[in-house]
Engineer: 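Let me give you the structure first, and then I'll get to my questions.
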Amino acid sequence: MSTSSQHQFRYTQTPSKVLHLRNLPWECSEEELRELCKPFGKIVNTKCNVGANRNQAFVEFVDLNQAISMVSYYASSSEPAMVRGKTVYIQYSNRHEIVNNKSPGDIPGNVLLVTIEGVEAGDVSIDVIHLVFSAFGFVHKIATFEKTAGFQALIQFTDAETASAARDALDGRSIPRYLLPAHVGSCNLRISYSAHKDLNIKFQSNRSRDYTNPMLPVNYTAIEGTVQTAIGPDGKRKEPESNVLLASIENMQYAVTVDVLHTVFSAFGTVQKIAIFEKNGQTQALIQYPDVMTAAAAREALEGHCIYDGGYCKLHLSYSRHTDLNVKAFSDKSRDYTVPDPSLVAAQGPATAWQNPQAAPMYHGSAPAYHTQVPGGQWDPSLQAVRPSYISAPGTFQASSPLASSPIGHNANPTGIAQSGVPRNVNLQPSGALLSVPGSSPLVQTSQAAQGLVQPNARTGAASPPGQHYYA
DNA sequence: AGCACA
């Protein structure tokens, strides 16, 4: 039964629909490969840049006879198979199909993900990007953003063919020097396909454009960028207030879930939406209130405080530039409390429903593969980046208040749990420590937040503390 | 110039 003991000698290779090609030129493109092989039949799949030297490739024909015809042709031809002047050696592959391990970025679509290497966001304007990519067809929308990978842009074309033409022509190339500021050396473009079909552009700004919708409101704040930050009376930069808070969570020893945040921030008013994401390796969250006043109250009370005792999960709060988050309603990283919660409906039915909110019928399978929000429940800041920015103002966190090292509600905790070193969500109560911060209003829905969602998480160990007690 | 990926 063992196939591994079969002879693999070159002259006894059995024909296969898949051909193995070697000695290809450097960075041989799929197009070049197809040009060489298509006279012999219909190509169903290819794989380029294979092997340590990336100079091998595979081609799969739809029919075995087509592969045979190509091998026999070059076996008897006086002219060898050539690509870019290099002789290409062709033989049957020892496999019978190409396993398509194309990464998502290689699956063609009408939206390109462009990484502009070696530049900062301010170096390449959206107009330059538009100019460069318009050479290949009508650019519908552009969204730019900065992530760990660098300065990136999503560029939406009419169709995959146009996008593909732009990618083939520009991938690995640089934006012409005369379109760049003098201090920028080279800036190579790395281009892959985005899974997105239609970008969700909210404003015309210096970071995003929708060329199909001239009626779209202009976000002047975003356009004017950083000069917009006002100067406070103390001379410090003062970010414009917002109804949306950006929470940066430091010393994340324990899991900080949407439910935990909801519990904490609901102490000050209705929390409309929450989104948790990673930025530069740090966990951050956006918390949306209905109005600026509530957000300001929450910011004032919570800044510098820790969610858990012992200095864990310390909150730094600033105002986001967002005013309305666009988040998936029920995912593990985001919640929109303004839409009906199916788990609440479920809770009124089966008695066990509340114990495991994850089991409640939420989004399973209902998200289309190419929804503008990321499949799989992840909240992807890059998508949201069609809006101005995620960081309201990096580095402008205020110095910690005198209470900064004390846990939230430390002074107001009637239970004394704070002294135990136990994370508070192990014992969250409707009026528990986290919710008793001075100035808070008791608006938390007890059945929903405290019992239904937070406690089960604690039981499952998602945020269980290590055993040590710091006061032992 | 000699077989991918998991």
Side-chain angles (χ1 to χ4, degrees), chain A residues 1-109 111-113 115 148-149 160 163-164 167-168 171-172 188-196 365 369-370 374-378 380:
Chain A
M1 296 296 281
S2 167
T3 55
S4 60
S5 63
Q6 286 179 359
H7 299 292
Q8 298 271 338
F9 297 141
R10 72 185 85 174
Y11 301 116
T12 60
Q13 275 184 322
T14 56
S16 164
K17 290 185 310 209
V18 181
L19 298 182
H20 176 225
L21 297 89
R22 53 204 157 82
N23 202 33
L24 288 158
W26 173 249
E27 299 241 317
C28 175
S29 71
E30 176 173 341
E31 194 56 32
E32 289 171 307
L33 197 63
R34 286 176 177 273
E35 286 302 318
L36 177 69
C37 302
K38 74 183 184 190
F40 301 93
K42 182 166 172 50
I43 297 161
V44 294
N45 211 345
T46 63
K47 195 171 190 69
C48 299
N49 301 321
V50 165
N53 296 327
R54 297 172 56 79
N55 61 352
Q56 301 173 43
F58 296 93
V59 171
E60 180 179 343
F61 286 101
V62 72
D63 182 63
L64 176 64
N65 289 328
Q66 298 170 349
I68 292 174
S69 75
M70 181 162 182
V71 168
S72 14
Y73 175 83
Y74 284 112
S76 60
S77 167
S78 56
E79 295 287 314
M82 301 238 288
V83 173
R84 263 188 260 160
K86 284 195 76 179
T87 297
V88 177
Y89 300 88
I90 302 168
Q91 61 188 151
Y92 299 113
S93 171
N94 53 26
R95 301 191 197 183
H96 288 86
E97 64 178 338
I98 292 177
V99 293
N100 212 351
N101 282 314
K102 279 184 176 169
S103 63
D106 289 327
I107 299 167
V111 178
L112 295 178
L113 172 62
T115 303
T148 46
S164 168
R167 183 180 119 120
D168 289 347
D171 191 18
N188 283 338
L189 301 173
R190 284 285 157 224
I191 306 179
S192 60
Y193 294 103
S194 165
H196 299 293
Y370 294 118
V374 173
Q378 292 294 311
D380 180 354

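Below, read A as the first sequence line, B as the second, and so on, with proteins coming before strands; counting in each chain starts at 1. Keep in mind the model is a prediction, meaning the values are calculated, not measured.
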Engineer: What is the distance from OH of A:Tyr92 to P of B:dC3, rounded to the nearest Å?
Structural biologist: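 Those two atoms, OH and P, are 18 Å apart.
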Engineer: Would you mind reading off the distance between A:Gln91 atom CD and B:dG2 atom P, rounded to a whole angstrom?
Structural biologist: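 After rounding, the reported distance stands at 10 Å.
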Engineer: Taking the nucleotide of DNA chain B with the closest heavy atom to each, which residue, A:Ile98 or A:Tyr89, is nearer the 5' end?
Structural biologist: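 Taking each residue's closest nucleotide, the earlier one in sequence belongs to A:Tyr89.
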Engineer: Are A:Tyr73 and A:Phe40 close enough, and set up right, to give a ring pair (Phe, Tyr, Trp, His ring centres under 6.0 Å), and what steps lead you there?
Structural biologist: CA-CA 9 Å; A:Tyr73 175 83; A:Phe40 301 93; 5.5 Å; yes
Engineer: Mind calculating the distance between CG (A:Leu19) and P (B:dG2) to the nearest angstrom?
Structural biologist: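 From A:Leu19 CG to B:dG2 P: 17 Å.
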Engineer: Under a 4.0 Å N-O cut-off, is there an ion pair linking A:Arg84 with A:Glu32?
Structural biologist: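 Salt bridge present between A:Arg84 and A:Glu32.
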Engineer: Give the rounded distance in Å between these two atoms: CD of A:Gln56 and C1' of B:dC3.
Structural biologist: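 Atom-to-atom, A:Gln56 to B:dC3, this comes out as 6 Å.
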Engineer: Specify the separation, in whole Å, of atom CG of A:Asn53 and atom C1' of B:dA4.
Structural biologist: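 After rounding, the gap between these two atoms is 14 Å.
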Engineer: Tell me: CG of A:Leu21 to C1' of B:dA4, nearest whole Å?
Structural biologist: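 About 13 Å, once rounded to whole Å.
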Engineer: Please report the distance, rounded to the nearest Å, between CG in A:Asn23 and P in B:dC3.
Structural biologist: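 In whole Å, B:dC3 P and A:Asn23 CG are 13 Å from each other.
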Engineer: Under 4.0 Å, heavy atoms only, any strand: does A:Glu97 hit a base, just the sugar-phosphate, or nothing?
Structural biologist: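 Base, at least one base atom sits under 4.0 Å.
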Engineer: Atom CD of A:Glu30 to atom P of B:dA4: distance rounded to whole Å?
Structural biologist: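 My rounded result for the distance is 19 Å.
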Engineer: Between A:Lys86 and A:Val18, name the one whose nearest nucleotide on DNA chain B is closer to the 5' end.
Structural biologist: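 Closest to the 5' end, via its nearest nucleotide, is A:Lys86.
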Engineer: Charged N to carboxylate O below 4.0 Å: is that the case for A:Lys17 and A:Asp63?
Structural biologist: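 Looking at A:Lys17 and A:Asp63, the cut-off is not met.
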Engineer: Test A:Ile68 against A:Val71 for side-chain contact (heavy atoms from CB on, under 4.5 Å), laying out the working first.
Structural biologist: CA-CA 5 Å; A:Ile68 292 174; A:Val71 168; 5.9 Å; no
